[in-house]
Peer 1: 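Starting off with a structure, shown below.
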Amino acid sequence: MSAQAPLHEFSKFKVLLIELALAMGGFGIGTGEFAIMGLMPNLSNDLGVSEPEVGHLISAYALGVVVGAPLLAILGARLFRRHLLILLMAFYALGNVASALAPGYDSLMVFRFIAGLPHGAYFGVAALVAASLVPVNQRAKAVSRVMMGLTLALLIGNPLATVLGQSLNWRYAYMFVGGIAALTAVLVFFFLPLNRDEPRNSPLHEVRAFRGAQLWYALAIGAIGFAGMFCVFSYLAPTLLNVTNVEPFWIPIALAVFGLGGFVGNILGGWLFDRLQFRCVGLLLIWAIGMLMLFPLATGSVWSLLLICFLVAQMSALGPALQTRLMDVANEAQTLAAASHHAAFNVANALGPWLGGMAITAGLGWQSTGYVGAVMAVAGLGIFMMAWRHENGGQLVPEPD
């Protein structure tokens, strides 16, 4: 098979190797993004700051994603996707090694922002490559397979980083992430051929094409509706210690259960979108509202908390669903829209910890994050209903053909 052949003409084994390389990057990025959740008490003690202040480090990373996703997607619009993916992973490796070596809280804040810059652009470009590997009616499942690396980070990478940080030091977790990112760059170099026939746009063309109400509705659903999951997840470790009153060894177990829920949700999201299209987003948000409302009631027992963690994490199904929705409505701004999807999700990752931290600081308790998250999911459902009405001529239920 020539390197110039369209990607969808590759053998299944070749496609598998490409998806493996791309998913490895998702595993590294997911571990780097979420490791801090399990190590929040450790960073708080080592850096001499409160746990809500450690939550600001999460927001700094998320802000880096929000800034970097559209910026690097625009700047990299003329590059071949293979070259851009390698550069983004090298950048991510350096940002996490710098985080591991940060001398204090303020410098760590800066390095977490820098580490977040390539996050959204990587996932956006990886999703476009994944979609090009399969027929059109299988795109959502292909995207979910690549995004599986992100959910495996929740299932395996984050608990492993937590154990590593608890056993040695939180800095080793970020060195571990830097190593995964470097490995990803090598795998992409060897497995993903250079396709000189792939569509490329000028930066200005991408910006001009980045318009349309449905595109912005999809981004707003991700930014607002998905914040509820991050609100709960960000403060899961201190909730376990201060409300459920368990020993620290339960933290990586709870993170692994949350990751398992995210893994299942990711597969479910691709499957649902291929069958129900955009309407599945509304169903997933309704599910999220119910599960987030139940979260505070489940914090009294470790077993009920583990169950609700698994169920709340099903919100990850929104990832491949909204990513594929953006491909459908982005027209000629595919790269910018795909990257902006992850910027939107990291607005959620900044908004969730911030709002949750405000509720905790106000004295509402660690478990209040569930109620705050449910309010965000309700807001996301409202945006979905606006998008649905706009697409169907003001009708909540489209008229039959």
Peer 1: By the definition side chain to side chain donor-acceptor pair (under 3.5 Å), identify the one residue from D46, N42, T162 that meets it with W170.
Peer 2: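 That would be D46.
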
Peer 1: Under 3.5 Å, is there a donor-acceptor pair between the side chain of Y217 and the main chain of W388?
Peer 2: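 No; zero donor-acceptor contacts below 3.5 Å.
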
Peer 1: Would you indicate whether the side-chain heavy atoms of I156 and F27 approach each other to under 4.5 Å?
Peer 2: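 Yes, close enough: below the 4.5 Å cut-off.
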
Peer 1: Would a distance-only check, ignoring hydrogens and angles, find a side-chain to backbone donor-acceptor pair under 3.5 Å from N242 to P238?
Peer 2: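 At least one qualifying donor-acceptor pair exists.
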
Peer 1: Please table the atom pairs, donor to acceptor, closer than 3.5 Å between any side-chain atom in residues 107-116 and protein atoms at least two apart or in another chain.
Peer 2:
residue	atom	partner	partner atom	Å
S107	OG	G104	N	3.1
S107	OG	G104	O	3.0
R112	NH1	N96	OD1	3.1
R112	NH1	S99	OG	3.0
R112	NH2	G32	O	3.0

Peer 1: At what distance, to the nearest 0.5 angstrom, does CG of L355 lie from CD1 of I360?
Peer 2: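 Reported to 0.5 Å precision, the distance equals 11.0 Å.
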
Peer 1: Would the distance check show the side chain of Y105 and the main-chain N or O of G48 forming a donor-acceptor pair, the cut-off being under 3.5 Å?
Peer 2: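 Pair absent, no side-chain N/O of Y105 close to backbone of G48.
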
Peer 1: Suppose we screen for ring pair (Phe, Tyr, Trp, His ring centres under 6.0 Å). Which residues come up paired with F123, at least two apart in sequence or across chains?
Peer 2: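 In terms of ring pair (Phe, Tyr, Trp, His ring centres under 6.0 Å), with neighbours along the sequence ignored, F123 is linked to H119, H342.
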
Peer 1: Going from CZ on F345 to CD on E33, what distance comes out if it is rounded to the nearest 0.5 angstrom?
Peer 2: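 Between atom CZ of F345 and atom CD of E33 there are 11.0 Å.
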
Peer 1: Do the side chains of I221 and F278 get nearer than 4.5 Å, heavy atoms only?
Peer 2: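 Answer yes - side chains close enough.
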
Peer 1: Pair R325, Q214 - check side-chain hydrogen bond (donor to acceptor under 3.5 Å, both in side chains), show working.
Peer 2: CA-CA 9 Å; R325 171 66 174 178; Q214 290 300 329; 2.8 Å; yes

Peer 1: Are the side chains of V246 and I251 in touch, meaning some heavy atoms are under 4.5 Å apart?
Peer 2: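 Not touching, per the 4.5 Å side-chain cut-off.
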
Peer 1: Rounded to the nearest 0.5 Å, how far apart are CG of L164 and CG of N169?
Peer 2: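 Output value for this atom pair is 9.0 Å.
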
Peer 1: State, yes or no, whether a side-chain contact exists between L84 and L88 at a heavy-atom distance under 4.5 Å.
Peer 2: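 Yes, their side chains come closer than 4.5 Å.
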
Peer 1: How long is the span from the CH2 atom in W271 to the CG atom in N266, to the nearest 0.5 Å?
Peer 2: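 Taking CH2 in W271 and CG in N266, the distance rounds to 14.5 Å.
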
Peer 1: In a table with atom names and distances, give each donor-acceptor pair under 3.5 Å that connects a side chain of residues 362-369 to protein atoms at least two apart or in another chain.
Peer 2:
residue	atom	partner	partner atom	Å
S368	OG	G365	O	2.6
T369	OG1	W366	O	3.2

Peer 1: Identify the two heavy atoms, one from L39 and one from Q166, that lie closest to each other, and give their separation to 0.1 Å.
Peer 2: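 The answer is CD2-N, 4.0 Å.
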
Peer 1: Determine the minimum heavy-atom distance between G352 and C231, stating which atoms define it.
Peer 2: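 Here G352 and C231 meet closest at O-SG, 3.5 Å.
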
Peer 1: What heavy-atom pair brings P320 and A317 nearest, and what distance separates the two atoms?
Peer 2: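 Minimum heavy-atom separation between P320 and A317: CD-O, 3.6 Å.
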
Peer 1: Is the Y172 to F176 ring centre distance short of 6.0 Å?
Peer 2: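 No: the rings miss the under 6.0 Å criterion.
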
Peer 1: For a quick test of reading the model, state the closest non-hydrogen atom pair linking G120 to V65 and the distance between them.
Peer 2: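 Scanning both residues, the minimum pair turns out to be N-CG1, 3.8 Å.
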
Peer 1: Test: side-chain hydrogen bond (donor to acceptor under 3.5 Å, both in side chains). Region: residues 15-30. Which pairs qualify, not counting sequence neighbours?
Peer 2: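 Residue pairs passing side-chain hydrogen bond (donor to acceptor under 3.5 Å, both in side chains), neighbours aside: E19-R145.
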
Peer 1: L292 and A377: which non-hydrogen atoms are nearest, and at how many Å?
Peer 2: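 That closest heavy-atom pairing would be CD1-CB, 4.1 Å.
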
Peer 1: Check for a donor-acceptor pair, side chain of R171 on one end and backbone N or O of A102 on the other, with a separation under 3.5 Å.
Peer 2: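 Such a contact is found between R171 side chain and A102 backbone.
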
Peer 1: Between CG of L117 and CG of L63, what distance do you get to the nearest 0.5 Å?
Peer 2: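 Going from the CG atom of L117 to the CG atom of L63 covers 9.0 Å.
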
Peer 1: Which atoms form the tightest heavy-atom contact between V177 and G28, and what is the distance?
Peer 2: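 So the two residues come closest at CG1-O, 3.4 Å.
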
Peer 1: Is the distance between the ring centroids of Y122 and F91 less than 6.0 Å?
Peer 2: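 When the ring centroids of Y122 and F91 are compared, they turn out to be at least 6.0 Å apart.
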
Peer 1: So do the side chains of L85 and L192 get within less than 4.5 Å of each other, counting heavy atoms only?
Peer 2: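 Side-chain contact under 4.5 Å: yes.
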
Peer 1: Which side-chain N or O atoms in residues 296-316 pair as donor and acceptor under 3.5 Å with protein atoms at least two apart or in another chain?
Peer 2:
residue	atom	partner	partner atom	Å
T299	OG1	P296	O	2.9
S301	OG	W303	N	3.3
S304	OG	A298	O	2.7
S304	OG	S301	O	3.0
Q314	NE2	G261	O	3.2
Q314	NE2	F310	O	3.3
S316	OG	A313	O	3.1

Peer 1: Kindly write out the residues that satisfy side chain to side chain contact (heavy atoms under 4.5 Å, CB included) with A379, not counting sequence neighbours, or none if the list is empty.
Peer 2: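 Once residues adjacent in sequence are excluded, the partners of A379 under the side chain to side chain contact (heavy atoms under 4.5 Å, CB included) criterion are I224.
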
Peer 1: Evaluate the side-chain proximity of P353 to Y235: yes if any heavy-atom separation is below 4.5 Å, no if none is.
Peer 2: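 A side-chain contact exists here, since the closest heavy-atom pair is under 4.5 Å.
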
Peer 1: Does a side-chain heavy-atom distance below 4.5 Å link V375 with Y371?
Peer 2: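 Not touching, per the 4.5 Å side-chain cut-off.
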
Peer 1: Ignoring hydrogens and angles, tell me if any N or O in the side chain of Y92 forms a donor-acceptor pair with the backbone of I29 under 3.5 Å.
Peer 2: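 Pair found, side chain donor or acceptor close to backbone of I29.
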
Peer 1: Once rounded to the nearest 0.5 Å, what's the spacing between atom CG of L285 and atom CE of M376?
Peer 2: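 Separation between the atoms: 11.5 Å.
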
